[in-house]
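Quick one: this structure, given as structure tokens, is what I'll be asking you about.
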Amino acid sequence: ASEAGDHDLVIIGGGVAGYVAAIKAGQEGLKTACIEKRGTLGGTCLNVGCIPSKSLLNNSHLYHQILHDTKKRGIEVGDVKLNLTQMMKAKDTSVEGLTKGVEFLLKKNGVDYLKGAGSFVDANTIKVALNDGGEQTLRAKNILIATGSEATGFPGLEIDEKRIITSTGALALTEVPKKMTVIGGGIIGLEMASVWSRLGAEVTVVEFLGQIGGPGMDAEIAKQAQKILGKQGIKFKTSTKVVSGDASGATVALNIEAAKGGKEEVLDSDVVLVAIGRRPYTEGLNLEQVGIEKDDRGRLVIDQEYRTKLPHVRVVGDCTFGPMLAHKAEEEAVAAIEYIKTGYGHVNYAAIPSVMYTHPEVAWVGQNEAEIKASGVKYRVGTFPFSANSRAKTNLDTEGVVKFIADSETDRILGVHIIGPGAGEMIAEATLAIEYGASSEDIARTCHAHPTLSEAFKEAAMATYSKPIHF
Ligand code: FAD
Ligand code: NAI
């Protein structure tokens, strides 16, 4: 059946996974169609994820800095006011520019963009329920599923995106809540807590585990992050679970108790953000019709070449295995097209960076210390604090540390964990180092410009096998 098709490739979903695959396929000369039901391209990331959150993080940081961090720098300002409507407009302008840019790139690469919801009719036929009404049917030699993910709800709390919100509501509030409670101290919880706390909300984060930061963050770094964010005004209740909630009153009441059980306490807030993770979204695809399988967490089951049980149907991005990150989706999209085109593709899952865009930023790549310890590998740790870095000192922005972990026999870098100014940019160097199989000494013997924050990175590498110069 797999030789049939008006199109070489039909992609369902125009998020980062889908649109990147579409561009790559167009470049490779495959006759490609991309189906997206949202009305705009770019998926969660561009519309209600990475991009709008970074806009609000950047501008709320500026506002907060002007309010609290200019006097000592010799800048005196008066009458600082928040114009939330304008801040939201600035965010919308960035989003619109980028989603339209993606549409242009699809056109430029000869991809047919269909606005509507795609579903399987049979193994090679996709039906599109068009947003404008009507239906279109596409025959495809290859099919790529890239339908992404959605926020996981909290039982008993109905999301209205106004008082009980997911990240989508948190990116579009029309006024600053007086009291906001965040359920889940993962990346979404902490980024959104930062935004609204900087803008004036009293924010409490309730986290089930003893540590904030979500999966992957190194425990030592997470502890520092909690301390620094705490100083900024965010309250934390770790090792605490939300038992139930009631939104029928003027405020939302959450019943919380210690994770291990104990006395219940009531938390009242104007807005509750549910940020306890995301789950794959594959609704309405009619997968049963063609026998494509999900695992117990709803992830579409694939092999190493992204193939489902039907070898011409592949899956990439949030709706399958691996971290739910835009850059992971992008790598997979390119690899999947390369498999279709040449039979070979590759993603190095050991070198996918993670960044939390708070201030300071937290970024890491490779394994954390607990994971390395558990693996039984002997390792060495090298750290360097930003308080000893000349540039951080001149910038009056010295909170944080760079932490290297390397194999104690070979010195090969196993993980790098950073909390500090510019960590999100700096982690690219660590990712490259891991990709190239570098040792900590390779980094330490590479000349880094002075005065830059990246000297802290170099000196942490130095501290791993020898001693740093400036600490
Ligand atoms: P999605 O972006 O979810 O795209 C899937 C698309 O498919 C959607 O647009 C959907 O409408 C469409 N679709 C679904 N079913 C159908 C159908 N049947 N027919 C047609 N279309 C369909 N990641 C980062 O790396 N960095 C960040 O800073 C970051 N920040 C984030 C902030 C927030 C608040 C959130 C929620 C997420 C963030 N992420 C971030 C995660 C990132 O958004 C996702 O990893 C990424 O969007 C995954 O891309 P995707 O293409 O797999 O899925
Ligand atoms: P997450 O999985 O990162 O964190 C969820 C947190 O909620 C965990 O710490 C978990 O222990 C806690 N939790 C779960 N159930 C709970 C409960 N009942 N009560 C209290 N705490 C509970 O999920 P999050 O933050 O929702 O983000 C989803 C995904 O979006 C992430 O996996 C991430 O990949 C992606 N994302 C990435 C960003 C970035 O790269 N900067 C930004 C935002 C999201």
Side-chain angles (χ1 to χ4, degrees), residues 11-21 34-54 56-57 99 114-120 126-129 131 145-152 154-155 166-168 170-171 182-192 205-217 222 237-243 254 256 259 273-287 315-320 322-330 332-333 352-358 361-363 424:
I11 301 166
I12 311 179
V16 175
Y19 92 69
V20 169
C34 181
I35 309 165
E36 169 58 59
K37 65 178 181 178
R38 185 184 297 268
T40 53
L41 291 164
T44 303
C45 179
L46 270 67
N47 292 282
V48 287
C50 328
I51 298 301
S53 61
K54 265 79 263 180
L56 292 182
L57 277 158
T99 55
L114 286 92
K115 290 188 185 177
S119 61
F120 279 88
I126 301 292
K127 182 175 79 183
V128 187
N131 288 355
I145 304 175
T147 48
S149 62
E150 62 179 355
T152 307
F154 190 91
T166 66
S167 51
T168 301
L171 294 167
V182 178
I183 310 180
I187 308 260
I188 292 189
L190 298 178
E191 288 188 352
M192 290 302 108
V205 175
V206 182
E207 167 58 51
F208 183 77
L209 300 175
Q211 168 187 330
I212 61 163
M217 193 180 288
K237 288 187 178 293
T238 51
S239 304
T240 303
K241 69 179 172 200
V242 174
V243 182
L254 292 182
I256 60 169
L273 166 61
V274 180
I276 56 171
R278 294 180 62 82
R279 59 181 175 217
Y281 177 82
T282 54
E283 250 162 63
L285 285 172
N286 201 19
L287 295 174
V315 186
V316 291
D318 279 11
C319 59
T320 186
M324 290 188 175
L325 294 171
H327 42 281
K328 173 264 192 187
E330 183 169 351
E332 289 185 341
I352 294 176
S354 294
V355 181
M356 177 169 88
Y357 298 83
T358 47
E361 291 177 346
V362 176

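Both counts, for ligands and for their atoms, begin at 1 and track the order of listing.
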Item to check | Close N or O approach (C45, ligand 1; < 3.5 Å) | outcome: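 Yes, since at least one N or O of C45 sits under 3.5 Å from an N or O of ligand 1.
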Checklist entry - Would E207 count as a contact of ligand 2 if the rule is a heavy atom under 4.0 Å away? => result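 Yes.
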Item to check | ligand 1 atoms in contact with G317 (distance to a heavy atom under 4.0 Å) | outcome: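 Listed by number with element, the hits are 52 (O).
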Checklist entry - Short N/O distance, under 3.5 Å, between G42 and ligand 1? => result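 In this structure, G42 places no N or O atom under 3.5 Å from an N or O of ligand 1.
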Next on the checklist: For the 3.5 Å polar cut-off, considering only N or O atoms, please tell me whether G277 and ligand 2 meet it.
Outcome noted: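 Yes, at least one N or O pair falls under 3.5 Å.
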Checklist entry - So how far is it from L171 CG to I51 CD1, rounded to the nearest 0.5 Å? => result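 L171 atom CG to I51 atom CD1 measures 11.5 Å (nearest 0.5 Å).
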Next on the checklist: Would P215 count as being in polar contact with ligand 2, using the rule that some N or O on each side must be under 3.5 angstrom apart?
Outcome noted: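 It does not: no N or O of P215 is found under 3.5 Å from an N or O of ligand 2.
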Item to check | Polar contact flag for E283 and ligand 1 (N/O pairs, less than 3.5 Å) | outcome: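 E283 vs ligand 1: no N/O contact under 3.5 Å.
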Item to check | Nearest protein heavy atom with distance in Å, relative to atom 40 (C) of ligand 1 | outcome: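 Ranked first by proximity to atom 40 (C) of ligand 1 is C50 SG, 3.3 Å.
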Checklist entry - side-chain contact (heavy atoms from CB on, under 4.5 Å) with A21: which residues, sequence neighbours excluded? => result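 A21 satisfies side-chain contact (heavy atoms from CB on, under 4.5 Å) with I11, L144, A333, I337 once adjacent residues are dropped.
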Checklist entry - Any side-chain donor paired with an acceptor under 3.5 Å for T44 and D318? => result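 Side chains of T44 and D318: no pair found under 3.5 Å.
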Checklist entry - Just which atoms of ligand 1 are under 4.0 Å from any heavy atom in V16? => result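 Going through ligand 1 atom by atom, the ones under 4.0 Å from V16 are 51 (O).
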Next on the checklist: Quick check: K241 and ligand 2, any N/O pair under 3.5 Å apart?
Outcome noted: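 In fact, backbone or side chain, K241 has no N or O that close.
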Item to check | Within 6.0 angstrom of K241 NZ, more than 12 heavy atoms from elsewhere | outcome: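 Result for NZ/K241: enclosed.
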Checklist entry - Heavy atoms only: which of G49, S53, A151 is nearest to atom 33 (C) of ligand 1? => result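 When every heavy atom of G49, S53, A151 is considered, G49 comes closest to atom 33 (C) of ligand 1.
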Item to check | Min N/O separation Y281 to ligand 1 under 3.5 Å | outcome: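 Checking ligand 1 against Y281, no N or O pair falls under 3.5 Å apart.
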Next on the checklist: Under 4.0 Å, heavy-atom basis, I'd like to know which part of K328 is in contact with ligand 1: side chain, backbone, both or neither.
Outcome noted: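 Within the 4.0 Å criterion, K328 makes no contact with ligand 1.
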Next on the checklist: Pairs of nitrogen or oxygen atoms closer than 3.5 Å, one from A326 and one from ligand 1: do any exist?
Outcome noted: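 There is such a contact, yes.
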Item to check | Candidate with minimal heavy-atom separation from atom 3 (O) of ligand 2, of V182, I187, T152 | outcome: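 That would be I187.
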Item to check | Geometric N/O contact L171 with ligand 1, under 3.5 angstrom | outcome: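 In this structure, L171 places no N or O atom under 3.5 Å from an N or O of ligand 1.
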Checklist entry - Touching ligand 2 at all, P323? Heavy atoms, strictly under 4.0 Å? => result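 No, P323 has no heavy atom closer than 4.0 Å to ligand 2.
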Checklist entry - Among G13, G43, A146, which one has a heavy atom closest to atom 5 (C) of ligand 1? => result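 Nearest heavy atom to atom 5 (C) of ligand 1 lies in A146.
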Checklist entry - Where is the nearest protein heavy atom to atom 45 (O) of ligand 1: which residue, which atom, and how far? => result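 Heavy-atom neighbour on the protein nearest atom 45 (O) of ligand 1: D318 OD1, 2.9 Å.
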Item to check | For atom 3 (O) of ligand 1, the protein heavy atom that lies nearest, with its residue and separation | outcome: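 Nearest protein contact, heavy atoms only, for atom 3 (O) of ligand 1 is T44 OG1, 2.7 Å.
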Item to check | Which residue and heavy atom of the protein sit nearest atom 53 (O) of ligand 1, plus the separation | outcome: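 In this structure, atom 53 (O) of ligand 1 has G148 CA, 3.1 Å as its nearest protein heavy atom.
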Item to check | Distance-only N or O hit between ligand 1 and G118, under 3.5 Å | outcome: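 Yes.
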Next on the checklist: I'd like to check whether I188 has a polar contact with ligand 2, where a contact means an N/O of the residue lying under 3.5 Å from an N/O of the ligand.
Outcome noted: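 Yes, at least one N or O pair falls under 3.5 Å.
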Checklist entry - Between I188 and ligand 1, does any nitrogen or oxygen pair lie at a separation below 3.5 Å? => result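 No; the residue has no nitrogen or oxygen that sits under 3.5 Å from a nitrogen or oxygen of the ligand.
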Checklist entry - Which bit of V355 is near ligand 2, meaning a heavy atom under 4.0 Å away: side chain, backbone, both or neither? => result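 Backbone only.
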Checklist entry - Can you name the side-chain contact (heavy atoms from CB on, under 4.5 Å) partners of L273, sequence neighbours left out? => result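 L273 satisfies side-chain contact (heavy atoms from CB on, under 4.5 Å) with I165, A170, M180, V182, M192, A275 once adjacent residues are dropped.
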Next on the checklist: Return the closest protein heavy atom for atom 15 (N) of ligand 1 as residue, atom name and distance.
Outcome noted: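 The closest heavy atom on the protein side is T147 CG2, 3.2 Å.
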Item to check | Nearest-option assignment for atom 9 (O) of ligand 1, heavy atoms, candidates H327, M324, E36, K37 | outcome: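 Checking each option, the heavy atom nearest atom 9 (O) of ligand 1 is found in E36.
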Next on the checklist: Would K54 count as a polar contact of ligand 1, with the cut-off being nitrogen or oxygen pairs under 3.5 Å?
Outcome noted: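 Among all N and O atoms of K54, at least one is under 3.5 Å from an N or O of ligand 1.
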Checklist entry - Which atoms from ligand 1 have a heavy atom of S149 less than 4.0 Å away? => result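 Those of ligand 1 that fall under 4.0 Å from S149 are 3 (O).
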Next on the checklist: Can you report which non-hydrogen protein atom sits closest to atom 20 (C) of ligand 1, along with the distance?
Outcome noted: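 In this structure, atom 20 (C) of ligand 1 has G116 O, 3.3 Å as its nearest protein heavy atom.
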Checklist entry - Which of the atoms of ligand 1 are close to L285, meaning less than 4.0 Å from one of its heavy atoms? => result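 Heavy-atom distances to L285 below 4.0 Å select 18 (N).
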